[in-house]
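Notes for the one structure printed next.
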Amino acid sequence: MRGETDRLVDTSLIEGAVVDLVVRAANAATVVDAQRLVAELRGFSGVRTAGIVPALAPVLGDLDLLERLPVGPAQWGQELRVEFSAAPARAELLPAASEIAAAADRALAQPCHAVPPPPMLGSPLAWAITTGARAMILLVDPARGWSALSDSFTTVLGYDRHSPPDFRVLDLIHPDDRPAAVGMFLSCCTGRHPERTVDLRVCTVHGRWRTIEVAARSFVEDAQVGAVVFFGLDVTRQRETERAARVEQQRLARLVETMGDGLLMLDAEGRVSLANRAAHRLLDTGMLDVSPEHDPDDPAPFDWSAVIARSLARLGPDTARVDRLRQGFRSRRAVVGEELAFEDGRVLELDLVPVTCPGEADGGTLIHLRDVTARVAVRRGLEERSRGLEERNQALAEATAMNNEFVATVAHELRGPLSSVVAFSHLLGDATSGALSEDQRTYLDVIDRNANRLLRLIEDLLLLSRLEARTLQLKPVPTRLPELLAAAVTERIPAALAAGLELTLDCADGPDLVCDDTRVHQVVDNLVSNAVKFTPSGGRVTVRAGPADDGWTIAVADSGVGIPAADLPRLFSAFFRGSNVTAAVGRQVMPGTGLGLVVSRAIVELHGGSISVASTEGVGTTVTLSLPTRPARNGG
């Protein structure tokens, strides 16, 4: 009968059983009776599952054939769930299920007040052990009430167990914990022992909350007991300590994870027991997404010994430093400031610090890693430049003087007057300076536009001269390229909308790009500005980017006028502008300086990257940048 899940036997065969079940449910007196009726309901053909469960438990099965009937007050969060195998079964058996739910509801609504404990249970020795137990022991008889059997009920909560307060035991439990307590009791009323303990907050006679760890044993099927026994230990202080320890551990883990330096903790056998994100990054483990809440007892997702061996293999022929580190680890001797130069050009500075813990002879070894590539590069560069400095000093001084003279001349002789022209043109255009005719306002707009163009030209010339002289120093920092591109594109959206263009960004996630973010932003802005400027209304400009090899690829594509094939060889020449842009765009185009691509290529090459252009006249242009993850050099 139990194996039938998809059909019912002839309803005439089960009608009498259903009626009998309904009648017995109407007369059920206790939760134990109701749970027995639930067990019988599960045995009917056409019922797949049936049970009283927490209302928040995940809902499984066919929702159209699932019936959910509330049991007890809503705040207790319990319900009878019955899954039927077919609609006829649901129609036939739903009255019985509803009556069983009503029986359980009535039983839970019955007052379960405190009653005096029995004079003795079992032998005198067993009774002495029970009353003197450290755990609070409560006997809950579904038909009679509850009794406290151990004196710890009085010592922990303050109530006299021999004359307990005349209210339900649930009234002592915090409202938020009552669903868990009721669920444990309902489970015990099936005759099963709950596998897990639960923490319940219980109110003392003084109105304070104590956290009690509760276990339960079911004796409802035992004719001599017929009750549920609860065992509770006061774990208030323990839980507070655990909570404080978790908070402190999480705070410490976040502190370690936010450090820019790498930290590795090795045990006495040389096994890694702790590693922060910076250590993963510096050792290139490929596990940069390790969470600070990662369970240290879980098996490591990779072989640390292989990671360390791979790192040592990339150190090249200098094994003396590695030998010193190994000797320091074996002898538990501190090693500070050891520089490890890798074949890829990176230099890590390492500290090896033995850790001593109270009560332990060997608390492990802490490894502190710092990326000092830039510092070492500066030091080596200074050492290289110091050679022959006397012979080159005069030439360098003359070149510096000429460059300073050029910059000063441009700054004072050109920039100053042009700034005045722009300022006075703004004053003339101000309404407080008097009304202007339409022609006069047009003339002022021409003055302002061309003066600003000359200022931009001066700025580009100054930047180009520094790039060509290799005096521009990059300031590389780890940069989130998607955020940089989003900012550059957002700045050009108003111009794109005014020109009737669609400007979009499609950027994949990837590693940080170590670059001068201001200069890379300038390059992207130049390319997007050109694309918007030379694309007719109704066109599209798309910026795409993603990791590629050991760096990033950025492409700015437009559906603009394109570049004639004859103009492509001169595209990166200073002051060059395409021969077709003005006529083909179909709108007035503000003349540029003709230096944007020249400056962009110089900045990209200074980062060790490359720039290329693919274009078809009348179809569109795509400018592609390739930037390494780390710049190849840092300016002059």
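The first residue in the sequence is number 1, and the count goes up from there.
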Carboxylate-amine/guanidinium proximity below 4.0 Å for [X] and [Y]:
{"X": "Glu67", "Y": "Arg90", "answer": "yes"}
{"X": "Glu40", "Y": "Arg42", "answer": "no"}
{"X": "Arg243", "Y": "Glu240", "answer": "no"}
{"X": "Glu213", "Y": "Arg239", "answer": "yes"}
{"X": "Arg346", "Y": "Asp284", "answer": "no"}

Review point. Among pairs that include at least one residue of residues 172-181, which meet salt bridge (charged side-chain N to carboxylate O under 4.0 Å, His left out), considering only residues two or more places apart or in two chains?
Key: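 Listed once each, the pairs are Asp177-Arg201.
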Is the number of heavy atoms from other residues, nucleotides or ligands within 6.0 Å of [atom1] ([X]) greater than 12?
{"X": "Asp222", "atom1": "CG", "result": "yes"}
{"X": "Arg310", "atom1": "CZ", "result": "yes"}
{"X": "Arg208", "atom1": "CZ", "result": "no"}

Answer with yes or no whether the side chains of [Y] and [X] bring together a donor and an acceptor at under 3.5 Å.
{"X": "Asp151", "Y": "Thr154", "value": "no"}
{"X": "Thr285", "Y": "His280", "value": "yes"}
{"X": "Arg271", "Y": "Ser273", "value": "no"}

Exercise for review: Check step by step if side-chain hydrogen bond (donor to acceptor under 3.5 Å, both in side chains) holds for Arg540 and Thr542.
Suggested key: CA-CA 7 Å; Arg540 181 185 180 92; Thr542 303; 3.2 Å; yes
Check your understanding: Should Val520 and Thr479 count as side-chain neighbours, where that means a heavy-atom distance under 4.5 Å?
Key ->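 When only atoms from C-beta onward are counted, Thr479 and Val520 do not touch, as no gap falls below 4.5 Å.
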**Study point:** His368: partners by ring pair (Phe, Tyr, Trp, His ring centres under 6.0 Å), with sequence neighbours left out
**Key:** none
